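See below for the structure under consideration.
Below, read A as the first sequence line, B as the second, and so on, with proteins coming before strands; counting in each chain starts at 1. Please read these numbers as outputs of a predicted model, since none were measured by experiment.
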There are 2 protein chains.
Amino acid sequence: MGDVFKALADPSRRRILELLAGGDLSAGEIAAHFDMAKPSVSHHLAILRHARLITDERQGQSIIYHLNLTVLQELMKWFYDFGLLEGGSRHDKKD
Amino acid sequence: MGDVFKALADPSRRRILELLAGGDLSAGEIAAHFDMAKPSVSHHLAILRHARLITDERQGQSIIYHLNLTVLQELMKWFYDFGLLEGGSRHDKKD
DNA sequence: TTTATATTTAGTTAATCTTCTAAATATATG
DNA sequence: CATATATTTAGAAGATTAACTAAATATAAA
């Protein structure tokens with residue numbers, strides 16, 4: 001779980017997730033949205049993949065990246081447990 | 001907003017938030033939950049305060065820390081916008 | 001098989017982060 | 001005022017991170 005938070009700490013990586021929320025993209029298409037060198041983007045993709053925030057799949061010469069909503073949902077639970085919906089139905093973890 | 005994600009990237013800081021979710025605590029009480037030196041904890045508190053995830057209030061010799069749910073709620077919105085609730089009512093930001 | 005395209009891996013450098021100890025500040029009390 | 005307690009600030013050391021260039025790998029096509 002700590003890997004997920006660390007992955008989200010970088011603005012470029014958050015931007016990658018936002019791009020993928022709009023649809024699957026190849027590594028090259030993702031890199032085209034940034035000013036940095038391709039190996040740097042590839043490194044960010046590796047960190048996101050390791051945190052399981054994205055999955056990849058080779059298609060010919062390209063590698064297509066997909067957003068993995070499952071991990072984001074687990075993260076939502078972490079926030080939810082702080083009792084963010086006061087007045088509503090609350091979890092009991094921290095009471 | 002980037003400050004918030006960076007603040008959450010450290011496990012000690014996330015633990016501090018979880019502790020404060022159980023009720024307000026003084027800096028000393030928070031530090032007592034950790035093995036590290038008090039100045040280190042104080043530094044983490046400063047980062048959380050700068051990200052506005054917590055607020056502080058002096059009470060005599062102690063400084064009491066409170067969790068600030070407002071920023072956590074804004075963060076929830078960021079996650080929500082990825083379309084995490086498929087099938088349900090979705091935001092339109094990324095469509 | 002040779003060449004071109006797409007992407008990653010390796011290795012390096014500079015910046016940032018976490019932690020520490022020592023010193024400073026603020027408040028309370030004898 | 002002097003001393004004790006609570007907390008922060010300052011400065012430094014070591015670890016981690018993000019970026020780059022150059023080289024390697026994998027696929028496709030001539």
For A/Asp56, the side chain to side chain donor-acceptor pair (under 3.5 Å) test, sequence neighbours excluded, returns none
Residues at least two apart in sequence or cross-chain that pass side chain to side chain donor-acceptor pair (under 3.5 Å) with A/Arg58, listed by chain then number, are none
Here the residues of residues 29-38 of chain A within 4.0 Å heavy-atom distance, strictly under, of DNA chain D are A/Met36, A/Ala37
Sorted by number, residues from residues 40-51 of chain B placing a heavy atom under 4.0 Å from DNA chain D are B/Ser42, B/Arg49
Is there a path of hydrophobic side-chain contacts, each under 4.5 Å between heavy atoms of I/L/V/M/F/W/Y residues, joining A/Ile63 to A/Leu45? yes
Atom-pair distance ([atom1] on [X]; [atom2] on [N]), nearest Å:
{"X": "A/Arg15", "N": "D/dA18", "atom1": "CZ", "atom2": "P", "result": "18 Å"}
{"X": "B/Arg13", "N": "C/dT16", "atom1": "CZ", "atom2": "C1'", "result": "12 Å"}
{"X": "B/Asp56", "N": "D/dT7", "atom1": "CG", "atom2": "P", "result": "11 Å"}
{"X": "A/Leu8", "N": "D/dA18", "atom1": "CG", "atom2": "P", "result": "12 Å"}

Residues A/Ala9 and B/Lys6: closest non-hydrogen pair is O-CG, 3.9 Å
In 5'-to-3' order, the base (B), backbone-only (S) or no-contact (-) status of each nucleotide in nucleotides 22-30 of chain C, using a 4.0 angstrom heavy-atom cut-off, is B----BS--
**Request:** Using the side chain to side chain contact (heavy atoms under 4.5 Å, CB included) rule, take A/Leu8 and A/Leu75 through it: C-alpha gap first, then chi angles, then the decisive distance, then the call.
**Result:** CA-CA 11 Å; A/Leu8 292 172; A/Leu75 211 53; 3.3 Å; yes
Can you tell me if the side-chain N/O atoms of A/Tyr65 get under 4.0 Å from OP1 or OP2 in C/dT8? yes
Open item on the list: Less than 4.0 angstrom between a side-chain N/O of A/Ser62 and OP1 or OP2 of D/dT27, yes or no?
Closed with: no
Worksheet item: Can you tell me if NE2 on A/His66 sees more than 12 non-hydrogen neighbours from other groups inside 6.0 Å?
Response: yes
Quiz item: Can you check whether B/Thr70 reaches B/Glu74 side chain to side chain, under 4.5 Å on heavy atoms?
Solution: yes
Are any of the side-chain heavy atoms of A/Met1 and B/Arg14 separated by less than 4.5 Å? no
**OP:** Could you walk me through whether A/Phe5 and A/Trp78 pass the side chain to side chain contact (heavy atoms under 4.5 Å, CB included) test, one step at a time?
**Re:** CA-CA 11 Å; A/Phe5 283 103; A/Trp78 187 82; 3.7 Å; yes
Between its two end axes (five pairs each) the helix from C/dT1-D/dA30 to C/dG30-D/dC1 turns, nearest 10 degrees, through 10°
Pair B/Asp24-B/Tyr65, side chain to side chain contact (heavy atoms under 4.5 Å, CB included): steps then yes or no = CA-CA 6 Å; B/Asp24 300 341; B/Tyr65 281 93; over 6 Å; no
request  = Any chance you could lay out the side chain to side chain contact (heavy atoms under 4.5 Å, CB included) test for B/Val4 and B/Val71, step after step, and finish with the verdict?
outcome  = CA-CA 8 Å; B/Val4 178; B/Val71 176; 3.6 Å; yes
- Task: Please check if the side chain of B/Arg15 supplies one atom and the backbone of B/Phe34 the other of a donor-acceptor pair under 3.5 Å.
- Result: no
Determine whether a donor-acceptor pair (N or O, by modelled atom type, separation under 3.5 Å) exists between the side chain of B/Arg13 and the backbone of B/Ala7.
yes
